[in-house]
Structures are given as structure tokens and as C-alpha cells.
S.K.: 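My structure is below; once you've seen it, I'll send some questions.
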Amino acid sequence: MSDTQIIDTVLARNRHDGTRLVQILREIQEQLSWLSPATLTHIADRIGWPRAEVSGTADFYSFFHTRQRGKYCVLWSDNITDRMLGNADLMDAMCKKLWLEPGRVSEDGLVSVNTTSCTGLCDQGPAVLVNYRAIPRMTQARLGEMVGLIREQKPVSEWPAEWFAVEDNIRRKDILLGHELKNGQALNAALERGPQAMLAEVKAGRLRGRGGAGFSTGLKWEACRKAAGHGPNPAHYVVCNADEGEPGTFKDRVLLTSYADLVFEGMSIAGSVVGAKKGLLYLRGEYRYLLEPLESVLAARRSAGLLGTNILGKGFDFDIEIHLGAGAYVCGEESAMIESIEGKRGQPRLRPPFVAEVGLFGRPTLEHNMETLYWVREIVERGAEWFASQGRHGRKGLRSFSVSGRVSKPGVHLAPAGITLRELIDEFCEGMLPGHDLYGYLPGGASGGILPARLADVPLDFDTLQEHGCFIGSAAIIVLSQQDSASAAALNAMRFFAHESCGKCTPCRVGTQKAAELMAREAWDTGLLTELAQAMQDASICGLGQAAPNPLLSVLKFFPHELEDGVSPRPSGERAG
Ligand code: SF4
């Protein structure tokens with residue numbers, strides 16, 4: 001098949017619909033390896049969009065290649081945890097073996113090696129993506145074999161299958177599986193009880209959004225349900241945010257691998273309450289390998305009459321589509337995600353209006369973090385009272401904690417909201433790694449700040465960490481030991497934000513770059529950094545720019561001793577320069 005025929009086949013499958021542009025670009029790239037100028041022109045002509053807009057979308061996302069990439073495209077995760085585990089050394093070793101510089105394509109076009117912000121495999125790093133397939137637990141020995149296979153030009157699909165085995169790293173399932181879960185049971189109960197009763201149940205369970213802001217789920221449903229809509233057909237959408245890009249977060253990967261049915265059922269129940277007929281699950285581009293398994297779960301639900309028309313004979317119509325992201329952390333922000341689904345650059349919108357009123361395609365849209373929807377079915381089946389009673393230290397409910405770093409058992413832990421770090425490490429993680437003592441921790445990934453070991457007994461939940469300048473976010477807990485440095489972790493985080501800034505507003509676009517430069521110096525200019533941090537917090541449009549200074553400010557507040565004799569690089573972060 002010629003390139004043009006491939007492009008036309010993909011376009012035909014996507015209804016020549018520009019609003020599916022991100023999916024169209026991905027599907028074409030998967031077959032042609034990159035998006036050439038001629039390819040972009042052809043797509044623009046066929047969908048009737050200006051060429052500049054098609055190029056603008058293609059250039060925005062890290063996973064789209066508008067210049068030729070290697071036949072083997074190797075991406076090493078560059079986040080804090082993977083660096084602790086030795087990713088930088090492995091990438092250097094690979095480049096040496098291949099006589100290649102990072103970021104370059106080999107002269108024969110065979111291979112390119114680069115870093116990527118995070119692969120969502122902090123619990124089983126060091127991790128690498130090869131042609132967007134994940135290989136966890138890399139070792140020097142496997143690296144040697146991998147380079148051999150690349151030189152032989154063996155297709156990635158024929159590499160040893162065990163290399164690609166990503167573990168279902170979830171602990172304390174017993175919290176959930178006290179009784180047998182049956183697909184459709186909760187949805188049936190929700191449809192029988194009706195929207196108002198379901199709203200009351202979710203409110204009583206005190207379920208709060210798990211993406212970071214912690215907004216009341218019940219109030220969000222209510223606002224979306226009440227939204228008048230705009231235009232003659234005020235359709236409502238449910239968008240499930242599975243675009244976790246926060247370094248240290250991997251719960252979506254784990255929950256979608258093991259419990260996709262719960263998530264899809266939660267989406268359906270939410271749809272029945274707000275009056276939606278369509279749901280979209282926005283899946284992180286790094287989890288491309290989950291796409292087919294998830295499509296199979298959706299197909300099974302359709303066959304069982306749990307998706308489609310007249311679901312369970314109750315007159316409810318609802319179906320779900322999966323939209324795959326393409327490597328842009330900012331698309332985890334709800335309005336940026338909606339822009340991306342509409343085929344555009346994933347840049348946050350100015351608000352108001354809020355997406356609950358004017359969201360996807362201008363319609364009222366209920367947007368939720370995946371984990372929030374995951375808990376809905378538990379609440380429906382086991383009751384709001386049961387869910388609310390699960391918290392600890394005066395907090396309500398259950399939540400997942402993605403724990404990585406210097407603990408014996410990293411993974412996703414389903415635990416009571418309000419549990420402390422010390423309890424989490426002792427009861428769920430089998431303690432610290434041998435030879436490591438707790439030095440500090442990042443309670444909310446790269447954006448949630450850094451706390452010292454002396455604050456390991458603070459309840460981990462929404463609203464409990466603000467007085468220390470931190471927040472729980474999506475509960476991505478990265479544990480540091482005396483072998484790590486908070487200032488190196490903060491520099492790694494700032495470089496991450498500089499890379500991921502969408503560029504829409506100056507305080508974030510310029511501020512993150514400038515702060516990263518200043519933090520890479522041996523001596524920090526603390527006055528200038530504080531001023532810069534304040535400007536970013538006050539004037540950035542969205543949470544990315546507002547939260548980017550948190551780790552930096554934590555170092556100034558809790559770890560000033562690290563700055564006294566100049567910043568010394570340690571494994572947990574970037575090297576200076
Ligand atoms: Fe984009 Fe950063 Fe501004 Fe958010 S704060 S809109 S990510 S430039």
C-alpha cells in the first residue's frame with residue numbers, strides 16, 4: 001500500500017473528522033513511522049483544515065515526529081525515581097554502544113535515543129519505551145541484548161515477550177474484594193434508584209476528585225446535571241481522565257490493567273446521573289499498550305448489554321470511546337484535555353466558563369480523574385456509609401497511593417485516606433529498602449512539593465499539607481533516603497515543568513526555563529528564585545505553572561542545609577549544567 005493509500009484508509013476509518021486529528025496523526029505515524037510535510041499537507045487537504053493548524057497540532061505533542069526518527073525509537077524515562085534507579089547511566093551506556101548522541105538519529109536512520117518525561121513505570125524502573133512499547137526493569141545485561149537485536153534489525157514484536165511484562169503491582173486488593181463484584185450490578189442499581197438518589201449517595205460518601213483539586217464529586221455531578229447546555233442539542237459528555245503524567249503516578253496504569261470494568265461502570269453511572277449519552281476515556285500516550293485490552297473490555301460490555309442503547313432494558317443509552325494522548329503532561333488539565341480531544345493543541349482554556357457548562361464541543365461536560373470514577377461502583381454497591389468510614393485520622397474514604405523510591409515494595413496501595421507516610425511505609429511497603437533511612441518525600445509527585453522526614457506523621461489527604469506549602473495531588477509518593485538530595489529532585493522537577501509547559505503564558509513558559517537554569521548553578525540565588533517562584537504562582541494561567549515552584553520552595557524552607565556549600569548532585573535528580 002502506498003503512503004497516500006495508508007493515509008486515506010486511516011482517514012476513512014476516522015470519518016475524515018478533524019476533531020479526531022490527534023488519533024488520525026497517531027494511527028498514520030504508527031504505519032509510516034513519522035509525519036512528513038507531504039503527509040501533513042495531504043491530511044489537511046482531506047479534512048479541510050488549514051495546513052498550519054494540522055502542523056500546529058503535530059508539533060505540539062512529544063510523541064509525534066515531524067522529523068524522521070530512527071526505525072527503533074528508544075525513549076528513556078527521565079523522572080526522579082527512574083534516575084534514582086540508574087536510567088541516566090543506562091542511556092549513556094546505550095549511546096556509547098551505538099556510537100550515538102542522545103537526541104540524535106543514527107546516520108543510517110536505524111535508531112534514535114532520547115529521554116522522555118515519565119513512562120508511568122516508577123514502581124518497576126528503570127524503564128524504557130521502544131517504539132512506544134514499555135520495557136520495565138532494565139538491566140545492563142538486557143541492554144546489551146537489546147543493542148544486539150537492534151543491530152540485527154529484529155522487529156520489536158519478535159523481541160522476548162517477557163521483557164515487556166508489566167506487573168500488576170497493586171496491593172491490599174482485599175480492601176475491595178470483601179464481596180464478589182459483578183459487572184452491571186451497580187449500574188442496574190443506579191438506574192433503578194434514579195439520578196437524584198445517586199447524587200445523594202455519592203455526596204454522602206464524601207467522594208472527592210482524585211486528580212488533585214479534590215473537588216466534591218457530588219457537587220460536580222449536580223453542576224453538570226443542572227447546566228442548561230448551549231445550542232439546540234445540549235448533549236452532555238463524560239470524560240474520564242486517564243492521562244496521568246505526574247512523575248511518580250502510575251495508579252491509572254495499574255487500575256486500568258486490573259479493574260477497567262469498574263472504571264467503565266463508574267463512567268456509565270455518572271452518565272446516567274448527568275444525562276450523558278457519550279463517554280470518552282483519555283488514555284495517556286505512554287500506555288499505548290493498554291489500548292487493545294481496553295477495547296476488548298468495552299466490546300465485552302457491549303455484548304453484555306452494558307453499553308449501547310436501552311441498557312439493561314432501562315431506556316438508558318450510553319457508549320464509551322477511547323482517545324489516546326500523545327505525550328503532553330498539560331493535557332491532564334481538564335480544559336487542555338478537551339482541546340486535545342477536539343484535535344487541537346492541548347492548551348488550557350481561560351475560565352470561566354467552566355467545562356461543566358461549556359466543555360467538549362461546547363456542551364456541558366463532566367470531567368473526572370479515572371480513580372474518582374473507579375470508586376463510584378464501590379460506593380453504589382457497598383454504600384456511602386461504608387466508604388466514608390474507611391478513612392484514618394479523621395479523614396473519609398479510601399484512595400490509591402502510588403509509592404516509589406527507596407521502599408522495599410513500591411506499587412499502588414489502596415489505603416485509607418489520611419494515612420501517614422510512616423504508616424504507609426510500615427504497613428504497605430514492607431519498610432524502607434535495606435541500607436536506606438527516610439530523608440524526605442514528595443507527597444504529590446513533581447508538583448506537590450517536598451517534605452522532610454520529620455513530617456512523616458502528617459495525615460496524607462486533601463487540605464492537610466497546605467500549611468507546609470505542599471499538596472497531595474494524585475498521591476504520587478516518592479520516598480527519598482539519605483542517599484538522595486531534595487535540591488536535585490527539585491531541579492529534576494523544574495526541568496520537567498520547563499519541558500512540559502505549553503507556552504501559552506509567559507510566567508510559566510519563561511519562568512520554568514529561567515528557574516531551571518538558576519537551580520542548575522552550584523550556588524542558588526535564593527532571593528531571585530523566590531521572586532521568580534512568586535511570579536509564577538501569581539500569574540500563571542493553569543495549575544502547571546502555579547505548582548511548578550513548589551519543590552523549589554520546599555528546598556528553601558525545609559532543606560536549606562543542602563544549599564550551604566553549594567548544590568551537590570546525587571542520584572535522585574539532575575546533574576548540574
Ligand atoms: Fe501553559 Fe504553563 Fe500557562 Fe498552563 S501555566 S497555560 S501550562 S504556559
Side-chain angles (χ1 to χ4, degrees), residues 22 53 55-64 78-79 116-118 209 211-215 239 241 243-249 282 284-286 325-355 358-360 365 367 369 444-449 469-471 473-474 476 490-519 529-553:
V22 175
E53 277 190 41
S55 299
T57 297
D59 286 334
F60 182 79
Y61 297 90
S62 302
F63 286 2
F64 290 150
D78 196 34
N79 72 25
T116 188
S117 293
C118 176
F215 195 73
V239 172
N241 182 344
D243 189 43
E244 56 178 2
E246 187 74 47
T249 309
Y282 190 103
R284 188 179 181 202
E286 286 82 349
Y329 167 77
V330 70
C331 288
E333 196 276 344
E334 61 179 8
S335 63
M337 177 169 291
I338 282 167
E339 291 283 297
S340 179
I341 295 171
E342 292 180 356
K344 300 177 224 160
R345 299 161 70 89
Q347 290 186 311
R349 295 176 179 171
L350 292 172
R351 283 162 292 174
F354 295 97
V355 300
V358 183
L360 188 58
T365 299
E367 199 270 356
N369 179 267
S447 55
C470 294
F471 62 75
S474 55
L491 172 57
N492 181 291
M494 191 58 81
R495 284 185 168 156
F496 165 78
F497 290 121
H499 181 262
E500 297 296 334
S501 168
C502 81
K504 186 168 180 168
C505 61
T506 308
C508 170
R509 184 183 67 248
V510 178
T512 51
Q513 292 284 355
K514 192 70 194 162
E517 278 170 37
L518 291 169
M519 291 165 73
L529 280 167
T530 306
E531 217 176 302
L532 195 52
Q534 191 68 53
M536 288 160 70
Q537 286 181 327
D538 290 348
S540 294
I541 289 177
C542 83
L544 188 153
Q546 291 158 7
N550 285 345
L552 152 66
L553 294 171

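In each ligand, atom 1 is the first atom listed, and ligand 1 is the first ligand listed. Values reported hereafter were calculated over all heavy atoms of this structure, with side chains retained and with hydrogens, waters and symmetry mates removed.
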S.K.: Which atom names give the shortest non-hydrogen contact between Ser447 and Asn550, and what distance separates them?
M.R.: O-ND2, 2.8 Å
S.K.: Output yes if Cys508 passes the N/O/S-under-2.8 Å test against atom 1 (Fe) of ligand 1; output no otherwise.
M.R.: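 Under 2.8 Å: Cys508 has no N, O or S contact with atom 1 (Fe) of ligand 1.
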S.K.: Could you list the atoms of ligand 1 found under 4.0 angstrom from a heavy atom of Val330?
M.R.: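 Matching atoms, with element in brackets: 7 (S).
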S.K.: Any idea which atoms of ligand 1 are less than 4.0 Å away from a heavy-atom of Gly545?
M.R.: 5 (S)
S.K.: Do any N or O atoms from the side chain of Glu246 and from the backbone of Ala446 form a donor-acceptor pair under 3.5 angstrom?
M.R.: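 Yes, Glu246 side chain to Ala446 backbone: donor-acceptor pair under 3.5 Å.
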S.K.: Can you name the nearest heavy-atom pair linking Leu360 to Ile338, along with the distance?
M.R.: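 In this case the closest contact between Leu360 and Ile338 is CA-CG2, 3.7 Å.
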S.K.: List every atom of ligand 1 that sits less than 4.0 Å from any heavy atom of Ser540, numbering the atoms from 1 in the order shown and giving each element.
M.R.: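 The list of qualifying atoms is 5 (S).
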S.K.: Check step by step if side-chain hydrogen bond (donor to acceptor under 3.5 Å, both in side chains) holds for Thr249 and Ser474.
M.R.: CA-CA 7 Å; Thr249 309; Ser474 55; 3.2 Å; yes
S.K.: Which of the atoms of ligand 1 are close to Ser501, meaning less than 4.0 Å from one of its heavy atoms?
M.R.: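 Heavy-atom distances to Ser501 below 4.0 Å select 2 (Fe), 8 (S).
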S.K.: Rounded to the nearest 0.5 Å, what separation is found between the NE2 atom of His499 and the CE atom of Met494?
M.R.: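 It comes to 15.5 Å.
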S.K.: If you compare all heavy atoms of Val330 against all heavy atoms of Ala336, which two are closest, and at what distance to 0.1 Å?
M.R.: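 Closest pair (atom of Val330, atom of Ala336, distance): O-CB, 3.3 Å.
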S.K.: Can you confirm whether Met519 sits close enough to Lys514 that some side-chain heavy atom of one is under 4.5 Å from a side-chain heavy atom of the other?
M.R.: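 Met519 vs Lys514: side chains apart.
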S.K.: Closer than 2.8 Å to atom 2 (Fe) of ligand 1, do we get an N, O or S atom from Cys505, backbone or side chain?
M.R.: no
S.K.: I need the nearest protein heavy-atom contact for atom 1 (Fe) of ligand 1: residue, atom name and distance, please.
M.R.: Cys502 SG, 2.3 Å
S.K.: So which heavy atom in the protein is nearest atom 4 (Fe) of ligand 1, and how far is it from that ligand atom?
M.R.: Cys542 SG, 2.3 Å
S.K.: Using a 4.0 Å cutoff against the non-hydrogen atoms of Pro348, which atoms of ligand 1 qualify?
M.R.: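 What qualifies from ligand 1 is 6 (S).
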